[in-house]
S.K.: 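The structure that follows is given in the form of structure tokens.
Any value given below was found using the heavy atoms of this structure, including those in side chains, with hydrogens, waters and symmetry copies removed. Bear in mind the structure is a predicted one, so any value in this text is a computation, not a measurement.
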Amino acid sequence: MLCRIYCFLIISANVAIGLSQPPTEENAALIAQWEDKAKPLMSETAFNELKQNGMVLIDSGTKQIFAEYRGWERIPFFVTSDSVLHSFHILLEETLVRLERQNASYLKKFLDDSIATFEAGAHTAHPDELHHIPDARTKLKIILGVASVLLGEPIDSWTEDKDTQKHISTELAKIESAQETSKPTWITQPRQDFDEIDYKRFNPSGFYNTTHSLRRYFQAVKWLQSAPLWPDEDEDYMALVLLAKGLQSTYQYQSIEDLSNKTIALRGIGDLLGRKSSADFDALAELIFNPHRLRPDFDNPDPFRSPSELGISTNGPLLPLRPRITELLSNNFPLSSRSIIRSNPAEPPRSLSLTFIPEYRLIDSDIFFHSTNQNDSQLFPDGLEMATIFGSQFARSQLKKKNQHKLIEWLDKYPNLGDRTIYVQWQQTISLLATGFSEKAPDIFRSEAWQRKTCETMLASWAHMRYSASLHTETSWGAAGGGHGLPGFVEPNPRFFHTLANLCASMLDLSEKWGVFIPDSLDQAEELKILSNKIRESSTRASITDDRESKNALTSNITIAEEILLKANLMTDKLRNLSYSDAESAVTFAHAIDQLAAELGSGHRSALGDTRSEQLRDHWRSLERICRNLQVIAIKQIHGIALEEHEYSTIKYIGNKLARIEFYKQESWLDPNDDAPRIADIYSDIALNKRMHIATGRPLTLYILYPNRGIPVLCKGGVMTYYEVKTERRLDDNDWKNKLDSKNPPGRPAWTLPVF
């Protein structure tokens with residue numbers, strides 16, 4: 001199909017009118033029209049910026065990026081890469097929320113089975129190892145017990161021993177307060193490579209902070225990523241052997257893939273992120289029983305040999321295996337978990353620490369470790385380093401101005417990641433923002449102003465990606481008008497839209513594999529609670545402000561509630577006859593939704609059909625379709641080929657289409673939620689007690705003069721924003737939004753200002 005399209009374009013090129021032809025005298029009046037339309041929309045400074053650079057970014061107070069695409073009759077739209085990228089990230093977050101709810105169930109089941117599992121392992125221990133078992137059993141009960149209690153199990157289901165219960169309760173208190181760094185009292189062995197655990201990391205971030213169950217799941221996973229065990233200690237090694245032996249007899253796994261599917265591994269995270277940053281229980285358990293089967297997918301794979309080739313019998317005591325297995329793991333995972341604070345984090349640990357759940361090591365972890373620990377003049381990472389890796393020549397030039405020549409040389413040698421994880425596919429898509437433009441695109445898209453904007457789009461997308469992956473990735477450490485009958489234009493980067501469409505298709509396939517589209521009654525219960533709160537909030541706002549948008553939002557939320565109650569056969573005549581404009585009626589609807597949520601949450605009602613989880617599948621398909629349509633439109637516009645009616649409609653209604661993809665129904669997109677800001681911490685300097693965050697804010701309005709047949713047409717679109725923020729404590733989304741709304745909001749990076 002694409003080949004036919006390109007052939008058609010080549011044939012048509014000789015009759016197409018170029019978009020960047022010089023204007024004729026008779027068009028002079030038309031050219032001047034953009035000035036009359038632009039002046040009422042912006043300050044004199046912004047107008048001069050637009051006139052000089054052909055584009056300007058303005059903070060218009062827009063809550064969501066799709067809201068920029070309303071009223072094309074007044075000013076034609078310019079569909080930016082930012083607009084569809086934002087929808088991609090919203091769908092990615094929604095997909096991960098559903099995946100993580102499933103993972104919470106899998107993790108809870110594993111923990112519920114663990115007591116019997118490691119007790120069974122103790123019964124099969126070799127006599128030479130029996131004296132290590134009491135301490136090993138206690139460590140397992142503390143580490144796994146803390147996670148289990150966080151996921152809802154009573155503490156006495158794990159142990160009747162009062163000392164062990166006290167240790168579990170102490171850890172729970174530290175996790176819930178998330179305010180200190182300290183060494184757990186149950187770790188009695190002094191170690192030079194371990195000082196403390198950073199409990200501040202247990203404060204849930206991102207979408208994990210939206211519901212109680214996700215907050216507890218976040219803390220349980222963080223704990224299992226943080227609580228250290230050292231295979232070079234006999235007691236710790238025996239604790240892991242007990243659990244591995246019990247699991248092997250319980251689950252009868254035959255390979256590491258089989259083990260991961262049946263035990264503690266979290267589904268889908270490897271497909272998303274790829275590289276583990278630390279040794280985990282799965283790796284050790286596989287080595288204990290099948291050293292020759294271990295999958296060589298680490299940074300420095302070691303050619304493992306079978307136990308017989310090592311001269312080891314697995315029928316005898318397993319302690320003789322410990323030195324060799326510790327050596328193999330250490331060779332493949334040279335860095336311990338970053339959850340553990342060491343006195344000098346710039347130095348690698350002297351020996352391996354192992355956790356039950358691994359963190360994942362993204363490209364920025366490698367880059368920031370190098371740039372901050374190999375450069376005495378740089379205390380914190382710089383987002384421009386990431387943009388340079390993504391291919392931004394503007395970012396590279398900015399690093400050169402900072403005399404970062406050695407860093408640039410190192411970045412140029414950074415290897416391409418060869419796997420096909422979602423993270424790698426996303427990185428390849430982002431890179432096309434800098435390299436994917438057609439040679440026939442208008443000159444403005446090769447200007448420095450556009451390069452600045454592209455650099456910010458890349459980094460805003462990166463901030464979204466880190467936000468979505470916050471639980472599973474390690475944090476780096478260091479000590480108007482004139483449409484001429486046109487609805488608008490599309491960013492002339494067809495390769496970007498094509499690659500993003502493929503990325504959406506990959507996410508759709510993996511989501512099917514992960515089972516995130518299967519309706520779940522607990523998921524629906526939490527969604528309905530959110531809806532009932534929205535009905536109450538929009539009712540209050542409508543009664544106070546009495547404006548059209550607030551009333552539309554209330555009407556839309558109640559219409560959504562009606563549809564759900566109809567599917568559940570709970571739509572009574574009394575509810576049907578209520579007035580939308582009546583605040584008391586809204587509360588009645590909210591109460592009915594609360595009752596349905598309670599039934600779903602208690603298991604007294606099965607999951608409903610046509611739910612948000614099922615809609616998610618359709619939204620991924622819709623976004624893929626839109627991206628493929630935008631690809632064709634971009635090609636046609638580059639070559640001056642007239643658009644078909646459905647392609648005009650894609651541009652005209654792009655705001656509404658993207659809003660629906662982001663789960664706005666009816667007219668609710670006219671009064672969108674003010675929840676665009678996202679923040680993720682990426683780096684911590686222990687000596688300065690400072691944390692660095694990357695963040696997105698509310699979108700900006702882009703005004704751009706798009707050259708159409710030699711006539712500059714004033715268009716507008718939406719652009720994502722990027723921030724770098726340093727604070728003493730970790731910020732969550734609410735903290736970040738409060739900072740943005742304060743009297744002294746944080747500034748954006750200096751390199752963004754010339755076009756702002």
S.K.: Pair Asn209, Phe218 - check side chain to side chain contact (heavy atoms under 4.5 Å, CB included), show working.
M.R.: CA-CA 8 Å; Asn209 207 21; Phe218 178 98; over 6 Å; no

S.K.: Kindly assign one of parallel, tilted or perpendicular to the pair Tyr467 and Phe207, based on the angle between their ring planes and the thresholds 30° and 60°.
M.R.: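 Perpendicular.
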
S.K.: Look at atom NZ of Lys513 and say whether more than 12 heavy atoms of other residues, nucleotides or ligands are closer to it than 6.0 Å.
M.R.: no

S.K.: Quick one: are Leu107 and Leu151 in side-chain contact, heavy atoms under 4.5 Å?
M.R.: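 Yes. Closest side-chain heavy atoms under 4.5 Å.
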
S.K.: Is there a side-chain contact between Pro228 and Ile197 in this structure, where contact means two heavy atoms from C-beta onward sitting under 4.5 Å apart?
M.R.: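 They are in contact (side-chain heavy atoms under 4.5 Å apart), so the answer is yes.
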
S.K.: Apply salt bridge (charged side-chain N to carboxylate O under 4.0 Å, His left out) to Arg98 and list each qualifying residue two or more places apart in sequence or on a separate chain.
M.R.: Glu94, Asp523, Glu527

S.K.: Glu512: what forms a side chain to side chain donor-acceptor pair (under 3.5 Å) with it, not counting sequence neighbours?
M.R.: Arg617

S.K.: Show your reasoning for whether side chain to side chain contact (heavy atoms under 4.5 Å, CB included) applies to Ile679 and Asp732.
M.R.: CA-CA 7 Å; Ile679 192 164; Asp732 60 24; 5.6 Å; no

S.K.: Check whether any side-chain heavy atom of Glu100 sits under 4.5 Å from a side-chain heavy atom of Leu471, and report yes or no.
M.R.: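 The answer is yes, as the side chains (C-beta and beyond) meet within the 4.5 Å cut-off.
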
S.K.: Using side-chain contact (heavy atoms from CB on, under 4.5 Å) as the criterion, list what pairs up with Thr211, not counting sequence neighbours.
M.R.: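 Checked Thr211 against side-chain contact (heavy atoms from CB on, under 4.5 Å); matches are Arg101, Ser213, Leu214, Glu526.
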
S.K.: Between Tyr199 and Glu171, do the side chains contain a donor N or O and an acceptor N or O under 3.5 Å apart?
M.R.: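 Looking only at side-chain atoms, Tyr199 and Glu171 do form a donor-acceptor pair, the distance falling under 3.5 Å.
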
S.K.: With sequence neighbours left out, what residues match Lys108 under salt bridge (charged side-chain N to carboxylate O under 4.0 Å, His left out)?
M.R.: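 With neighbours one apart ignored, the set is Asp112, Glu153.
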
S.K.: I'd like to check the side chain to side chain donor-acceptor pair (under 3.5 Å) partners of Thr138; sequence neighbours left out, ordered by chain and number.
M.R.: none

S.K.: Please list, chain by chain and in numerical order, all residues satisfying ring-ring contact (aromatic ring centres under 6.0 Å, His included) with Trp514, sequence neighbours excluded.
M.R.: none

S.K.: The criterion is ring-ring contact (aromatic ring centres under 6.0 Å, His included); which residues satisfy it with His464, sequence neighbours excluded?
M.R.: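 With neighbours one apart ignored, the set is His86, His89.
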
S.K.: Are Ile389 and Gln427 close enough, and set up right, to give a side chain to side chain contact (heavy atoms under 4.5 Å, CB included), and what steps lead you there?
M.R.: CA-CA 9 Å; Ile389 282 286; Gln427 180 189 334; 3.9 Å; yes

S.K.: Do the non-hydrogen side-chain atoms of Trp736 and Asp733 ever get within less than 4.5 Å of each other?
M.R.: no

S.K.: Could you tell me whether the side chains of Trp426 and Ser461 share a donor-acceptor contact shorter than 3.5 Å?
M.R.: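 Yes, a side-chain donor-acceptor pair sits under 3.5 Å.
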
S.K.: Any side-chain heavy atom of Ile367 within less than 4.5 Å of one from Leu411?
M.R.: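 The answer is yes, as the side chains (C-beta and beyond) meet within the 4.5 Å cut-off.
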
S.K.: Working to the nearest 0.5 Å, report the span between CG of Asn203 and CG of Asp681.
M.R.: 10.0 Å

S.K.: Given Leu362 and Trp462, is the side chain to side chain contact (heavy atoms under 4.5 Å, CB included) satisfied, shown in steps?
M.R.: CA-CA 11 Å; Leu362 301 184; Trp462 169 55; over 6 Å; no

S.K.: Please enumerate all residues that pass ring-ring contact (aromatic ring centres under 6.0 Å, His included) together with Tyr217, with sequence neighbours excluded.
M.R.: none

S.K.: Using side-chain contact (heavy atoms from CB on, under 4.5 Å) as the criterion, list what pairs up with Asp161, not counting sequence neighbours.
M.R.: Thr159, Asp163, Thr164

S.K.: Checking Lys406 now: which residues fulfil side-chain contact (heavy atoms from CB on, under 4.5 Å) with it, not counting sequence neighbours?
M.R.: none

S.K.: Taking only residues two or more places apart in sequence, or in another chain, which ones meet Arg215 in a side chain to side chain donor-acceptor pair (under 3.5 Å)?
M.R.: none

S.K.: What distance separates Lys139 NZ from Ile187 CD1, expressed to the nearest 0.5 Å?
M.R.: 6.0 Å

S.K.: Tell me if a side-chain donor or acceptor on His693 pairs with a main-chain N or O of Leu731 at a distance below 3.5 Å.
M.R.: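 Checked: pair present.
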
S.K.: State whether the side chain of Ser148 and the backbone N or O of Leu144 hold a donor-acceptor pair below 3.5 Å, judged by distance alone.
M.R.: no

S.K.: Working to the nearest 0.5 Å, report the span between OG of Ser684 and CD1 of Ile682.
M.R.: 11.0 Å

S.K.: Does a salt bridge link Arg691 with Asp198, judged by any charged N lying under 4.0 Å from a carboxylate O?
M.R.: yes

S.K.: The criterion is salt bridge (charged side-chain N to carboxylate O under 4.0 Å, His left out); which residues satisfy it with Glu409, sequence neighbours excluded?
M.R.: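 Glu409: salt bridge (charged side-chain N to carboxylate O under 4.0 Å, His left out) contacts with Lys413.
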
